[in-house]
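This report refers to the structure that appears directly beneath it.
Computed from a predicted model, the values in this text were never measured in an experiment. Just so it is clear: chains get the letters A, B, ... in the order the sequence lines come, proteins before strands, and each one is counted from 1.
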Number of protein chains: 2
Amino acid sequence: MSTLTAQEQVLREVRNQIASGVLKAGQQVKQDTLATELGVSRVPLREALKVLEGEGQVVYHPHRGYFVADLSVSDLVEVYRIRALLEEEALTVAIPMMTDEDVDFIEEMSNDVRIASVSGDVSAITAANRRFHFAMFECSNMPRLVRIIRTLWDSTDAYRSVYMSSTINLEHMNDEHAQMVAALRQRDVETSIRLQATHRENSVMAVSKVISR
Amino acid sequence: MSTLTAQEQVLREVRNQIASGVLKAGQQVKQDTLATELGVSRVPLREALKVLEGEGQVVYHPHRGYFVADLSVSDLVEVYRIRALLEEEALTVAIPMMTDEDVDFIEEMSNDVRIASVSGDVSAITAANRRFHFAMFECSNMPRLVRIIRTLWDSTDAYRSVYMSSTINLEHMNDEHAQMVAALRQRDVETSIRLQATHRENSVMAVSKVISR
DNA sequence: AAAGAACCAATTGGATACAATCGGGGAATG
DNA sequence: CATTCCCCGATTGTATCCAATTGGTTCTTT
């Protein structure tokens, strides 16, 4: 059984707090306060904050501390534009390389998403959704590319969960996933990319409504 | 005058050590040893390593430590492929938005590169070269995009300096820069992108020869 | 009263000390 | 001889403590 290090737990927790708005945009992260609150010392917290800095979730000013970055709508659009470029590349490379077993696996993942959808557990759905999409990306054998895409997902994870809490959105999502798997079966790069694109569009629209409150 | 924090100094130093091969690929970074060597404690070193982890320069295994990532030729090709996608996007957005002052500024930067080239100071050349290219990218007003591109540059900075130590390469480079500025003057997106692409090709070829030793 | 200097509280930056974990080497076992 | 188990040293992970920096406040000066 793997015991998670404090920095890993803290990283997840702080991500959630930023996502859920407990830590508000622009606000300074008071290390001592937050560390105490999380039941750890400042050292692992600081390491977690460095990771978040690398992801652009917080900005760091030496001797002044870490501040929660605010994700404006234009930031969001930018993130999704970059995702579009990189995910298109990933799929273009990945699909021709996929074995039948790969596609089977991806289909399993999509079934997991559907199962999670029924349960209504939002964090389970988002996790399963990630596994589905990254199962595709991973087939590209471009680890650095996948890494960057993952970072981009991380930086908007919080907001995406909003999208996932609507039943009607979930239905659409599962339909799109099914269509995608069908396209993969035929190694139809063009259709897959188009589906992935509309998938993103839907999500960015939903999320930007949430942000611009 | 600004006093650099230890983590910032350490970050630069460790980057150089990875780049120059003092820290070899695959090797574990022994924190205590390295920290002592750099005259600091392990805390700032660990924070620097977290940044490098985010850049993919080192990989982290909990309870086992940080290991220098090895940059294979295929990694290099991947990095340059991603750069191609993102830099093309940056220029496509940036060029139509450029004011005459922006182009003037970029031209100045290209002159700086030429001046540095004469001096033969490799680190000065690479720094000036970066300023030139990022002066263009920055005009896109896409901070996250520029950030990612910068990270990609960081992860191959070390190797690029090899390219910069050859006089003949430097001549080519300065020629290409001049052509690029000319294309920018006319807001010729297509030509600029093509030039930027050949620029990258030249560099990736030179660097992969170095790596595959 | 406005401008500047000098202090001070709050907060971060870093060093040291201690706890937890891992991998390897050797003993025990088949 | 191969294999498993256990222990221990090396190394990392975290807590605590102290130093350094910052921004704001107050006091002084003109």
Salt bridge (charged side-chain N to carboxylate O under 4.0 Å, His left out) between Arg15(B) and Asp154(B), worked out: CA-CA 9 Å; Arg15(B) 266 219 187 90; Asp154(B) 283 338; 3.6 Å; yes
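- Between the side chains of Lys50(A) and Tyr60(A), no donor-acceptor pair is found at a separation under 3.5 Å.
- Side-chain atoms of Gln28(A) come within 3.5 Å of backbone N or O of Arg64(A) as a donor-acceptor pair.
- Nucleic acid contact for Tyr60(A): sugar-phosphate only, since backbone atoms but no base atoms lie under 4.0 Å from a heavy atom of the residue.
- To the nearest angstrom, C1' of dT12(D) lies 10 Å from CZ of Phe67(B).
- In the model, Asn129(A) has no side-chain atom that pairs as donor or acceptor with a side-chain atom of Thr126(A) under 3.5 Å.
- Listed for the Glu88(A) side chain is no donor-acceptor partner under 3.5 Å among the backbone atoms of Ile193(A).
- Applying a 4.0 Å cut-off to non-hydrogen atoms, the residues of residues 32-58 of chain B that approach DNA chain D are Arg42(B), Arg46(B), listed by residue number.
- A side-chain donor from one of Thr5(B) and Glu8(B) sits under 3.5 Å from a side-chain acceptor of the other.
- Leu11(B) places its CG atom 16 Å from the C1' atom of dG14(C), with the value rounded to the nearest Å.
- For the residue pair His199(B) / His172(B), no side-chain donor-acceptor distance below 3.5 Å is found, with atom types taken as modelled.
- OP1 or OP2 of dT12(D) has at least one side-chain nitrogen or oxygen of Gln28(B) nearer than 4.0 Å.
- Rounded to an integer number of Å, the gap from His61(B) NE2 to dC22(C) P is 13 Å.
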Considering only nitrogen or oxygen atoms on both sides, find all protein atoms under 3.5 Å from nucleotides 20-24 of chain D and state each distance.
{"from": "dG23(D)", "atom 1": "OP1", "to": "Arg64(A)", "atom 2": "NE", "distance (Å)": "3.3"}

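- For the pair Leu4(A) CG and dA20(C) P, the interatomic distance rounds to 17 Å; values are reported in whole Å.
- Side-chain N/O atoms of Thr99(B) and Asp102(B) include a donor and acceptor closer than 3.5 Å.
- Val10(B) comes within 4.0 angstrom of no nucleic acid atom, judged by non-hydrogen atoms across all strands.
- By the 30° and 60° cut-offs, the orientation of the rings of Trp153(A) relative to His133(A) is tilted.
- Between Gln31(B) and dG13(D) there is a side-chain N or O to OP1 or OP2 distance below 4.0 Å.
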